[in-house]
Amino acid sequence: MELHLYDTRARQKRKFLPLEEGKVGMYHCGPTVYQRPHIGNYRAFLFADLLRRVFEVLGYEVKQIMNLTDVGHLLADAEEGEDKLEAQARKDNVDPWQIVEQVSELFFADLSALGIQLAHAYPRATEYIDEMVEMIEVLVEKGHAYKVGSNVYFDVHSFDKYGELSGNNIAELEAGARLEINDEKRHPADFALWKTDEKHLMKWDTVFGDNGFPGWHIECSAMSRQFLGDHFDIHTGGEDNVFPHHECEIAQSECAHGGKFVNYWMHTKFLQVDGGKMSKSLANVYSLDDLGDRGFCALDFRFLMMRGHYRSSLNFTFKGLQGAAEARKNLCSFIKRLQSVAGDTSSTAIEFDPLNTARQDFIAALCDDLNTSAAIAAVFTLRSEFMKGDFTADQAAATLDFMLNTVQKVFGDLDYIQCTDDEISDSDVDDLIAQRTQARADKEWAKADEVRDQLTAAGIVVEDTADGIKWHRA
RNA sequence: GCCGGCAUGGCCAAGUGGCUAAGGCAAUGGAUUGCAAAUUCAUCAUCCCCAGUUCGAGUCUGGGUGCCGGCUCCA
């Protein structure tokens, strides 16, 4: 099956051709670790995870890198603003390096809760200062960058493709009144590669002078090169990264190394909340804990994100999250049902129409620019086919194999065990079930219901089926 | 001011110009149940408006309206 991906630079879907047969290298713009990432950030990271998983299901060997920006990402005005890390550090009255540690810890915990596979490396900007400096020197030597005192700027007029990714052009950018006035720069659209500021807390002494720190854009250029080389397959980020961040990366990397930088640029659309932008003033910037407080687990959020397409803006509401949570649980029940029908059967090679159709539709949907919505529909169609008819243990085993090894490989583990605190042990549940069974046998309905309420309160769902009483954790 | 995207049932959402417009959630009716839950069966949209192209348009073109985004920290 041919994989087609939408390339922001080409503005269309393109057949994916790896640089090296059977392998793919990708770089994702990760979080700036000054605050715990919010659910919008995680939409982008879940997309990166999905992309990797799809490649793996298709048999590719993936090398996945995600950076952690821990210096140089400025607030407000690009040249005069304060470093995000330092602003947060001052606010909390702690060392910026401490903030980095604290936020990183939260970040990795969130990744785990979301079932995101760890990338092969999470390089931090502060660990690659030498590489950045080296790259900036090359740009200066080649005439693409210039020094003004101890600051270094990239000359956007030296790269004729500047603006190609975002659709901006330099003349229009400079005509706009939004660019800050900075007498140091030759052109208003030039951007900083290296800045000097004595007051900056995270600073380095380099060939450019003392007390310097890197510009945000150069970090990704240097780190991606370090792990993936001068030219690699895929670079992703949120739509807001298109300009200026990725535009600047292309300029830096292609000017420094001569050839093409990245083959496919992929960007996720923003997550909206209640129909509008997430913003602190509206108090709708949610973290995974905020979702947890409302009774949802990280996997519900993951499933909600998977139900929409990454290139469509997605409106987050708790009602929508509730729907996703129900849908996910229904798939979990389906898997449990399959497990009970399949029993110990291990003949997973059995083929039959509903499964063949589902397999085909599932993969075809994903290969069409990761159409997860259609892929999930294929799974639900299979589910209803299965629920309707009588299927053999062999067929159930084959379907189970598909669910576990293909569907869950792409969408992550759907099970919700980790979402609840197991406050009640299995044997306690069994005891209560036995009490209720006795009460029912005695037709003591009030007592039976009381026990059931007790179980429900403990997060146990009781099912009275023709085959006896079954229970599972909600 | 300059760019770009989107507009499908109560909510979310897929959709290569052509049979009866995927799928999920919710809802309604029936089966089942001591009552529930779970399960199961069934029902539930003509695609923002106008004009055009076409044998045929949700799907292409033009106009309108609305929403969102980038150009400025942001995934």
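Below, all heavy atoms of this structure are taken into account, side chains as well, without hydrogens, waters or symmetry copies. We name chains A, B, ... by the order of the sequence lines, and we start the count at 1 in each one. These numbers come from a predicted model, not from an experiment.
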**Q** Hunt down the Watson-Crick or G-U wobble partner of B:C35, both distances under 3.5 Å, from any strand shown, or write none.
**A** none

**Q** Provide, to the nearest angstrom, the distance between the CG atom belonging to A:Asn41 and the P atom belonging to B:A75.
**A** 5 Å

**Q** Have a look at A:Gln272 and say if it touches a base, only the backbone sugar-phosphate, or nothing, with a 4.0 Å heavy-atom cut-off.
**A**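 Contact class for A:Gln272: sugar-phosphate only.
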
**Q** Paired with B:A7: which nucleotide, if any, by Watson-Crick or G-U wobble criteria at under 3.5 Å for both distances?
**A** B:U65

**Q** Should A:Asn371 be listed as having a side-chain N or O under 4.0 Å from OP1 or OP2 of B:A13?
**A**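 Checking B:A13 against A:Asn371, no side-chain N or O comes under 4.0 Å of OP1 or OP2.
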
**Q** Check every strand shown and say whether A:Val462 touches a base, only sugar-phosphate, or nothing at a heavy-atom separation below 4.0 Å.
**A**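 Base contact.
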
**Q** When we call it a touch if two heavy atoms are under 4.0 Å apart, what does A:Ser312 touch: a base, just sugar-phosphate, or nothing?
**A** sugar-phosphate

**Q** Quick check against the 3.5 Å criterion: does A:Ser312 have a side-chain atom that pairs as donor or acceptor with the backbone of A:Gly308?
**A** no

**Q** Answer yes or no for this row: A:Trp445 ring on B:G34 base, centroids under 5.5 Å, planes under 30°.
**A** yes

**Q** Distance check: side-chain N/O of A:Asn330 vs OP1/OP2 of B:G24, anything under 4.0 Å?
**A** no

**Q** Does any N or O donor sit under 3.5 Å from an N or O acceptor when you compare the side chain of A:Asp368 with the base of B:G15?
**A** no

**Q** Does a distance-only test, which skips hydrogens and angles, find a donor-acceptor pair under 3.5 Å between the side chain of A:Arg452 and the base of B:A37?
**A**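 For A:Arg452, whose side chain was compared with the base of B:A37, there is no donor-acceptor pair (under 3.5 Å).
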
**Q** Under 4.0 Å, counting only non-hydrogen atoms across every strand here, what does A:Arg436 touch: a base, just sugar-phosphate, or nothing?
**A**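 Base, at least one base atom sits under 4.0 Å.
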
**Q** Does B:G1 have a Watson-Crick or wobble mate here (both distances under 3.5 Å), and if so which one?
**A** B:C71

**Q** Ignoring hydrogens and geometry, is there a side-chain-to-backbone donor-acceptor pair from A:Ser112 to A:Phe108 under 3.5 Å?
**A** no

**Q** Could you please name the partner base of B:U16, counting Watson-Crick and G-U wobble pairs only when both distances are under 3.5 Å?
**A** none

**Q** Under 3.5 Å for both donor-acceptor distances, Watson-Crick or wobble: does B:U28 have a partner, and if so which one?
**A**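 Pairing partner: B:A42.
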
**Q** Indicate yes or no for a side-chain donor-acceptor contact from A:Arg11 to the backbone of A:Arg9 under 3.5 Å, with no hydrogens or angles considered.
**A** yes

**Q** With a non-hydrogen cut-off below 4.0 angstrom, is A:Ala377 in contact with a base, only sugar-phosphate, or nothing?
**A**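 Touches a base.
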
**Q** Pick base, sugar-phosphate or nothing for A:Leu271, based on heavy-atom distances below 4.0 Å to the nucleic acid.
**A**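 Answer is base: heavy atoms of A:Leu271 come under 4.0 Å of a base.
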
**Q** Looking at A:Arg36 and A:Asp110, does any basic side-chain N land under 4.0 Å from a carboxylate oxygen?
**A**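 Here A:Arg36 pairs with A:Asp110 in a salt bridge, since their nearest N and O are under 4.0 Å apart.
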
**Q** Which base, if any, makes a Watson-Crick or G-U wobble pair with B:C60, both distances under 3.5 Å?
**A**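 Answer to the pairing question: B:G52, which forms a Watson-Crick or G-U pair with B:C60.
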
**Q** Would a line drawn from the ring center of A:Phe318 to the ring center of A:Tyr286 be shorter than 6.0 Å?
**A** yes

**Q** Would you mind classifying the nucleic acid contact of A:His267 as base, sugar-phosphate or nothing, using non-hydrogen atoms under 4.0 angstrom?
**A**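 Nothing, no nucleic acid heavy atom in range.
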
**Q** Just the rounded figure in Å: distance from P of B:G15 to CD1 of A:Ile376.
**A**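 Taking atom P of B:G15 as the reference, CD1 of A:Ile376 is at 13 Å.
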
